[in-house]
**Student:** 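Structure provided below as C-alpha cells; questions to follow.
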Amino acid sequence: MKAAVVNEFKQQLEVKEVPKPTLSAGEILVKIEACGVCHTDLHAAHGDWPVKPKLPLIPGHEGVGIVEEVADDVRSVKVGDRVGVPWLYSACGECEFCLSGRETLCPDQQNGGYSVDGGYAEYCKAPAAYVAKIPDGLDPVEVAPILCAGVTTYKALKVSDAKPGDWVAIYGIGGLGHIALQYAKAMGFNVVAVDIQQEKLELAKQLGADYTVNGMETDPAKEIQQEVGGVQAAISVAVTRKAFEQAYQSVKRGGSLVIVGLPNDELPLPIFDTVLNGVSVKGSIVGTRKDMQEALDFAARGKVRAIIESAPLDAINDVFDKMEKGKINGRIVLTM
Ligand code: NAD
Ligand code: ZN
Ligand code: ZN
C-alpha cells in the first residue's frame, strides 16, 4: 500500500509502498478515504516534543475510512462501517483513569500516527474498541478534522467550565481554532477570535465570531479586558508562547486558561495574580470516546463544519510547508 513515511526528523516525508498491516485479535483494517493534517503531525515529523514518536512513522490521527476486514473476535464493528482512527488509538482499560472514564490520561495509551502508524496511508489498522463510528450522512473528507481538531476543542470548552452567555476567547484560528469557535457558538458562548493573520480573522467572522482581534496590530489581552471585561475562559490553540501569555492575561477573575496548543516551551505564571484573581490553568488533551461521540453528533446535526481543502497524499510535504508558514485557512485533508 502507499503511505507517507517519516524516516528521520526534520526531513521530507517519503511517499512509498509499504506492507499492508495484518490484523491481531481485536483489530480492524480500515481502507482510508481521507486524513486531516493536524499541526501535531508536523511536531511529530520534527521530533519537537520531549516524548518522541516511533521511527519510521506513518503520521495521521484524523483518518476516516471504511472497514474492510475485522479480526475473528471483533463484534462492535463490522465490514462496511465508516470509522475514524483517532489520536487515542488505545488505552489499557484497567488503570484508575480508564476505569473513571478518563482514558485520555491512561499512562499505557497508544497514539495514532505517533507511537503507532496512522492515517497517511491507503490502509490503517486499529483496535475496534477505540475507533470512532462516523454518523451516517457525513462526508468522509469534511468529517476528518472532527476526529482531532473537533473533539479536542469541544473537550477544551467543556473543561473550561464556561457557561452559556459567558465570553470565551480562542487564540489561534487555525485547524483547531476555526472549529473551536463553532463549538463555542453552538454551546452558547460569546466568542472572541484572536489570530495574527487578517484572513484567519475574516474566516472567524464568517463562522460567527462576535469579536475579532489581530494580535499583530494590538495587544489582544488589553483589548479583551477593555471591550468585554475579560473572558471567562481563554483557549489557546496557537503554537507560540506569546499567545499563551496573552490568553492568560485575557481571563477575568475566576476564569480559566485552557492550554491546548503544544509549542515545546514554558509558560511562566505570575503567582500573585493567579492566586488573587482565582484563575485556573488547565491542560486539555484530545477527548474520550464519549467526547468523540458528542463532538461527531454536533457535526452530524450541521452545527459544526470544518472548512477544508483536499490534497492528494503525494502533496504532504507542500502541505507541511504551508502549515509551517501559517498559510492554511481551515484544515487540509489528504485524500487517498
Ligand atoms: P494550525 O497551524 O492550523 O493553527 C495555528 C494557528 O495559530 C494559526 O492560525 C496561526 O496563525 C495562529 N497563531 C500563531 N501565532 C499566534 C499568536 N501569537 N496569536 C494568535 N494566533 C496565533 O495548528 P492546529 O492544527 O490548529 O494545532 C495547533 C496546536 O494544537 C499544535 O501545537 C498542535 O500540536 C496542538 N494540538 C493539541 C491537541 C491537544 O489535545 N491538546 C490536539 C490537537 C492539536
Ligand atoms: Zn491532532
Ligand atoms: Zn488505562
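In each ligand, atom 1 is the first atom listed, and ligand 1 is the first ligand listed.
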**Student:** How about C38: does one of its N, O or S atoms come closer than 2.8 Å to the Zn ion (ligand 2)?
**Tutor:**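 It does: C38 brings an N, O or S atom closer than 2.8 Å to the Zn ion (ligand 2).
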**Student:** Contact between ligand 1 and C38 is defined here as a heavy atom of the residue under 4.0 Å from a ligand atom; is it met?
**Tutor:**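 Checking ligand 1 against C38, which is what was asked, there is a heavy-atom contact under 4.0 Å.
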**Student:** Within the 4.0 Å heavy-atom shell around V237, which atoms of ligand 1 are there?
**Tutor:**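 By the 4.0 Å cutoff, the relevant atoms are 28 (C), 29 (C).
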**Student:** Give the residue, atom name and distance (to 0.1 Å) of the protein heavy atom nearest atom 34 (O) of ligand 1.
**Tutor:**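 Looking only at protein heavy atoms, the one closest to atom 34 (O) of ligand 1 is T40 OG1, 2.7 Å.
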**Student:** Looking at ligand 1, does Q246 have a heavy atom less than 4.0 Å from it?
**Tutor:**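 Q246: no contact with ligand 1 (<4.0 Å).
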**Student:** Any non-hydrogen atom of I328 lying under 4.0 Å from ligand 1?
**Tutor:**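 No, I328 has no heavy atom closer than 4.0 Å to ligand 1.
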**Student:** For Y248 and D273, which I'm curious about, is there any donor-acceptor pair between the side chains at under 3.5 Å?
**Tutor:**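 Per modelled atom types, Y248 and D273 side chains form no pair under 3.5 Å.
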**Student:** Show which atoms of ligand 1 fall inside a sub-4.0 Å distance from at least one heavy-atom site of V286.
**Tutor:**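 Within the 4.0 Å cut-off of V286, ligand 1 contributes 39 (C), 40 (O).
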**Student:** Kindly confirm or rule out an N or O of I285 lying under 3.5 angstrom from an N or O of ligand 1.
**Tutor:**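 No, I285 has no N/O under 3.5 Å of an N/O on ligand 1.
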**Student:** Does ligand 1 have any atom sitting under 4.0 Å from a heavy atom of W49?
**Tutor:**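 Judged by the 4.0 Å heavy-atom criterion, W49 does count as contacting ligand 1.
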**Student:** So, does Q197 sit close enough to ligand 1 that a heavy atom of it is under 4.0 Å from the ligand?
**Tutor:**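 Contact present.
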**Student:** Under a heavy-atom criterion of less than 4.0 Å, does S284 contact ligand 1?
**Tutor:**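 So S284 counts as touching ligand 1.
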**Student:** Could you say whether the N/O atoms of V239 and ligand 1 ever approach to under 3.5 Å?
**Tutor:**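 V239 vs ligand 1: no N/O contact under 3.5 Å.
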**Student:** Out of all atoms in ligand 1, which are within 4.0 Å of some heavy atom of G261? Include the element for each.
**Tutor:**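 Close to G261: 29 (C), 30 (O), 32 (O), 35 (C).
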**Student:** Counting only nitrogen or oxygen atoms and a 3.5 angstrom limit, does R331 reach ligand 1?
**Tutor:**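 There is such a contact, yes.
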**Student:** May I ask you to check if ligand 1 and G177 share an N or O to N or O distance below 3.5 Å?
**Tutor:**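 Among all N and O atoms of G177, none is under 3.5 Å from an N or O of ligand 1.
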**Student:** Which bit of T240 is near ligand 1, meaning a heavy atom under 4.0 Å away: side chain, backbone, both or neither?
**Tutor:**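 It is the side chain that touches ligand 1; the backbone stays farther off.
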**Student:** Does an N or O anywhere in H43 fall below 3.5 Å from an N or O of ligand 1?
**Tutor:**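 Yes; the residue has a nitrogen or oxygen that sits under 3.5 Å from a nitrogen or oxygen of the ligand.
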